[in-house]
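Here's the structure, in structure tokens; my notes come after.
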Protein chains: 2
Amino acid sequence: MNIGEAAAESGVSAKMIRHYEAIGLIRPADRGESRYRHFGAPDVHVLRFIKRARTLGFSIKDIGSLLGLWQGHRPSAEVKRLALAHIASLDAKIAEMRGMRDALGQLARDCHGDERPECPILEDLAGPRFDN
Amino acid sequence: MNIGEAAAESGVSAKMIRHYEAIGLIRPADRGESRYRHFGAPDVHVLRFIKRARTLGFSIKDIGSLLGLWQGHRPSAEVKRLALAHIASLDAKIAEMRGMRDALGQLARDCHGDERPECPILEDLAGPRFDN
DNA sequence: GATGGTGCTTCCCATGGTGGGAAGGTCAAG
DNA sequence: CTTGACCTTCCCACCATGGGAAGCACCATC
């Protein structure tokens, strides 16, 4: 199977497959007669694993660890630790974004949204008025 | 006021001030006798505006628009439009991350987290088992 | 006035994950 | 054998930010 088909099968773009190989996340693919990469079912399985992990927001670095655990001695404690750490960072980012959203929602709610220049959003951004 | 003091006053790093100047977000600062940039209170005010807008998650591009509206004819409708669009993208990202978090939370909850290799998290990542 | 330390200048590089595109080689079907 | 689809490598871009090097400016202290 060539890279295009492996990409279609796994949902990982050919571009990304090459990238993952270049950074050492996956083993360098075998090359057939020519210089074309050659993929088998296990390779596609690995790519699907990566794809799913990316969908769950894991970093490439974490995915490297998860792949090692998956294919190695797999103590689930370690997997769980990675997952919980990732959940914590997701929670932190969600909280941060929700803070932004709520603040901005409040300001937008108070904004007329017409042709007048008065605008609570701009006033907030401009900070405390020194000039009156 | 030199760049270091402007940075301290505004909360924007000197590095970022130079960057904002380079990409045209702010006007090139006046240079004093030597080649040092020279900042006044209005410049710091603009930097604070940018800082606050970044804190609310606006992109540099959006901030450029907001700065123009702030210092121009300021129809609040336009400001509100930008804000609502940004809120929508925040909501989308929050929903996406919450999806990740919930899926992962579920998996982690079912994971023993001990020395055994059985792990719902790895099983999810590995996808449907073809081999049994 | 020399000296030293701090702060400024520009320039290049890195991050993370992904895509775009050019220039050239390869394969299979007609 | 030609054509078109696919592969190869290599460089560049995004977005926002930080690190660091080499060199110049400034100020205080001796």
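Throughout, a chain's letter reflects where its sequence line sits, starting with A, and its residues are numbered from 1.
- Here the P atom of nucleotide dG7(C) and the CD1 atom of Ile3(B) are 13 Å apart, to the nearest Å.
- Arg37(B) has its CZ atom 7 Å from the C1' atom of dT9(C), to the nearest Å.
- Between Phe49(B) and Trp70(B), the angle of the ring planes stays under 30°, which puts this pair in the parallel group of the 30/60° scheme.
- We find that CD1 of Ile50(A) is positioned 12 Å from P of dG17(C), with the value rounded to whole Å.
- One atom, CD1 of Ile23(B), and another, C1' of dT17(D), lie 11 Å apart when rounded to the nearest Å.
- Applying the side chain to side chain contact (heavy atoms under 4.5 Å, CB included) criterion to Lys15(B), with sequence neighbours excluded, gives Ser13(B).
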Test side-chain contact (heavy atoms from CB on, under 4.5 Å) on Val12(A) and Arg54(A); report intermediate values, then the result.
CA-CA 10 Å; Val12(A) 179; Arg54(A) 287 291 307 139; over 6 Å; no
Letter by letter from the 5' end, nucleotides 18-30 of chain C scores (B base, S sugar-phosphate only, - none; protein heavy atoms under 4.0 Å) BSBB---BBS---
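- Per the geometry, NE2 belonging to His86(B) stands 14 Å off C1' belonging to dC15(D), to the nearest Å.
- Axis angle between the ends of the helix from dG1(C)-dC30(D) to dG30(C)-dC1(D), five pairs each and rounded to 10 degrees, works out to 30°.
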Step by step, work out the side-chain contact (heavy atoms from CB on, under 4.5 Å) result for Ile121(A) and Leu82(B).
CA-CA 10 Å; Ile121(A) 302 168; Leu82(B) 279 168; over 6 Å; no
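- Using a 4.0 Å heavy-atom criterion, one finds that Arg18(A) contacts the bases of the nucleic acid, with or without backbone contacts as well.
- The interatomic distance linking Arg31(B) (CZ) with dA25(D) (P) rounds to 13 Å, in whole Å.
- Atom CD1 in Ile17(A) sits roughly 14 Å away from atom C1' in dC6(D) (whole-Å rounding).
- Not a single ring-ring contact (aromatic ring centres under 6.0 Å, His included) links Phe39(B) to another residue, sequence neighbours left out.
- Asp114(A) places a side-chain N or O within donor-acceptor distance of the main-chain N or O of Arg116(A), the cut-off being under 3.5 Å.
- Between Glu78(A) and Arg81(A) there is a salt bridge, since at least one side-chain N of the basic residue sits less than 4.0 Å from a carboxylate O of the acidic one.
- Contacts of Leu84(A) classified as side chain to side chain contact (heavy atoms under 4.5 Å, CB included), with partners at least two apart in sequence or in another chain: Lys80(A), Ile87(A), Ala108(B).
- Taking the side chain to side chain contact (heavy atoms under 4.5 Å, CB included) definition, one finds that Glu21(A) meets it with Ile26(A), Pro28(A), Ala29(A), Arg31(A), Arg37(A), sequence neighbours left out.
- Rounded to whole Å, atom P of dC26(D) lies 9 Å from atom CG of Asn2(B).
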